[in-house]
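Keep in mind it's a predicted model, so treat the numbers as computed, not measured. First listed ligand is number 1; within each ligand, the first listed atom is number 1.
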Amino acid sequence: MTINPELQHKIIDGKIISGTLIEQVSQSVLALNKKGVKPTLAVILIGNDPASQVYVRNKKILCEKVGIESVEYKFDESLAESDLLSLIDVLNNDTNINGILVQFPIPSHISKQKTINRISPNKDVDGLHPINAGKLMNNIECLTPCTPQGSMIMIKSVAKDISGMNAVVLGRSNLVGKPMCQLLINSNCTVTQVHSKTRDIKSFTSNAHILVAAIGIPNFIKSDWVKKDAIIIDVGINRVKKDRNETSKTKLVGDVDFEDVIDKVSSITPVPGGVGLMTVACLMNNTLQATKAQHGF
Ligand code: NAP
């Protein structure tokens, strides 16, 4: 993405902010190593989804960078649900494993909710277990889903005190939209959540000091939908054709029409180079936090 240098100051740079977090995690991992503790993340990948394979590879590379041990369990599509649940039981009981991550999507014959429920809440580095979701709702310290956690860090990098601000979150998934709302509420924002059944979304977004878009529709948010000087967090990752005449080349865009809104807003995360980088950094952070809690630090 080429950005007009005059507008560069508006960019909430995922590379810089995730770099700082990664450095902090690396230092803490080193401190744990000195106490004889080696944080270890188990990653379970089922099937051949190319995007999942890329995500798992990126997670492994970052684990190596921060000094977290990663153990990969790869299975083909035919894996039985009972075998997955048995593996999770083994990992739950293995004191050398500190975090467990099942890469979604998983084949449809395996229940996603049963899988999430089976992971020990103490090792649930995706923060999806109902116990962690409940703790988040009660503003109790817990493993928080990585993408909303990373989005909050980005928001707070440009606005120290967001208390009393209007925040609008587009999307209501358990992975992004719902925990995002909860984090914003816990920071004293006035939060509105909109979704596919919402009437007149623009009437909400145009009054938002903070707008978080997580719906998976390319360039959905245009400039007349956003409030002047809003903070925009674009979670969406959408692959689109590079130009109308080009059939083979593609590029990544967010849910927000970056070029259309950048003049009007105060800050915005780019896609790529924004929230996605924070998500993996926060996974490292969650693995670190899980390890510390399991060892009573
Ligand atoms: P999801 O589970 O498919 O949820 C999408 C949400 O968007 C749903 O709540 C849906 O509403 C809502 N929605 C769909 N069409 C809409 C419309 N026209 N107007 C308003 N709301 C609409 O997706 P997700 O897992 O939350 O992910 C959302 C996006 O974020 C995707 O592009 C995904 O690739 C991306 N993502 C990025 C990261 C990252 O690290 N950057 C991490 C996770 C996800 P209903 O509930 O009414 O159906």
Side-chain angles (χ1 to χ4, degrees), residues 1 11-15 17-18 21-22 43 49-59 61-62 101-106 108 112-113 115-116 125-128 133 136 143-155 167-184 191-206 208 211-222 225-226 232-240 250-258 268-286:
M1 180 188 290
I11 305 294
I12 309 176
D13 192 327
K15 201 166 177 200
I17 303 172
S18 69
L21 179 58
I22 287 166
V43 179
D49 177 41
S52 293
Q53 286 174 343
V54 172
Y55 293 144
V56 166
R57 199 180 320 129
N58 290 343
K59 287 167 187 172
I61 291 169
L62 196 51
L101 182 140
V102 177
Q103 183 65 48
F104 294 114
I106 53 178
S108 56
K112 184 175 178 182
Q113 198 56 56
T115 302
I116 290 169
V125 285
D126 257 342
L128 292 172
L136 181 61
L143 292 168
T144 308
C146 301
T147 303
Q149 183 187 142
S151 299
M152 275 311 280
I153 296 171
M154 295 182 108
I155 292 168
V168 171
V169 177
L170 286 99
R172 55 174 166 177
S173 68
N174 291 343
L175 184 67
V176 187
K178 285 182 198 160
M180 188 72 235
C181 284
Q182 206 54 60
L183 286 171
L184 289 161
V191 180
T192 306
Q193 183 154 45
V194 304
H195 45 75
S196 69
K197 306 291 185 291
T198 303
R199 293 178 194 172
D200 192 9
I201 294 179
K202 184 181 168 185
S203 67
F204 300 103
T205 57
S206 57
L211 180 69
V212 182
I215 57 174
I217 302 179
N219 300 323
F220 185 78
I221 303 286
K222 305 287 181 193
W225 283 49
V226 301
I232 310 286
I233 304 295
D234 193 352
V235 176
I237 300 178
N238 310 289
R239 191 163 281 286
V240 297
T250 60
K251 62 175 179 176
L252 292 180
V253 299
D255 292 345
V256 179
D257 189 334
F258 183 91
I268 183 167
T269 62
V271 179
V275 177
L277 296 172
M278 293 304 292
T279 298
V280 265
C282 289
L283 174 66
M284 301 300 115
N285 187 39
N286 276 356

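With hydrogens and angles left out, the side-chain atoms of Gln149 and Asn286 include a donor and acceptor closer than 3.5 Å.
The two residues Gly14 and Leu277 have their closest heavy-atom pair at C-CD1, 3.7 Å.
Ranking protein heavy atoms by distance to atom 9 (O) of ligand 1, first place goes to Arg172 N, 2.8 Å. Scanning the protein for heavy atoms near atom 44 (C) of ligand 1, the closest one is Val176 CG2, 4.0 Å. Of all protein heavy atoms, the one closest to atom 42 (C) of ligand 1 is Thr147 OG1, 3.2 Å. Among all non-hydrogen protein atoms, the one lying nearest atom 29 (C) of ligand 1 is Gly216 N, 3.7 Å. Counting only heavy atoms of the protein, atom 24 (P) of ligand 1 lies nearest to Ser173 OG, 3.7 Å. For atom 47 (O) of ligand 1, the closest non-hydrogen atom of the protein is Ser196 OG, 2.5 Å.
Near Ile217, the atoms of ligand 1 lying under 4.0 angstrom from a non-hydrogen atom of the residue are 15 (N), 16 (C), 17 (C), 18 (N). The ligand atoms of ligand 1 that sit less than 4.0 angstrom from a heavy atom of Thr279 are 39 (C), 40 (O). The atoms of ligand 1 that sit less than 4.0 Å from any heavy atom of Gly171 are 6 (C), 7 (O), 9 (O). Near Val235, meaning under 4.0 Å from one of its heavy atoms, ligand 1 places the atoms 30 (O), 35 (C), 36 (N), 37 (C), 38 (C), 41 (N).
No part of Leu170 comes within 4.0 Å of ligand 1, judged by heavy-atom distances. At a heavy-atom cutoff of 4.0 Å, ligand 1 is contacted by both the backbone and the side chain of Ile237.
Residues Leu175 and Phe104 form no side-chain contact, since every pair of their non-hydrogen atoms from C-beta on lies 4.5 Å or further apart. Looking at Ile268 and Phe258, their side chains come closer than 4.5 Å, going by heavy atoms from C-beta outward.
Residue contact annotation: Ala214 has a non-hydrogen atom under 4.0 Å from ligand 1.
Looking only at distances, no side-chain donor or acceptor of Asp255 sits under 3.5 Å from a matching main-chain atom of Asn219. Between the Gln193 side chain and the Val168 main chain, no donor and acceptor come within less than 3.5 Å of each other. Between the Thr269 side chain and the Asp234 main chain, a donor and an acceptor come within less than 3.5 Å of each other. Distance alone, capped at 3.5 Å, is enough to place a donor-acceptor pair between the Thr205 side chain and the Trp225 backbone.
Any N or O atom pair closer than 3.5 Å counts here, and Ile201 shares no such pair with ligand 1.
The environment of Arg239 atom CZ is dense: over 12 non-hydrogen atoms of other residues, nucleotides or ligands sit within 6.0 angstrom. For NZ of Lys222, the number of neighbouring non-hydrogen atoms (other residues, nucleotides, ligands) closer than 6.0 Å is greater than 12.
There is no protein heavy atom less than 4.0 angstrom from atom 3 (O) of ligand 1.
Of the listed residues (Thr198, Leu283, Ile215), the one carrying the non-hydrogen atom nearest atom 5 (C) of ligand 1 is Ile215.
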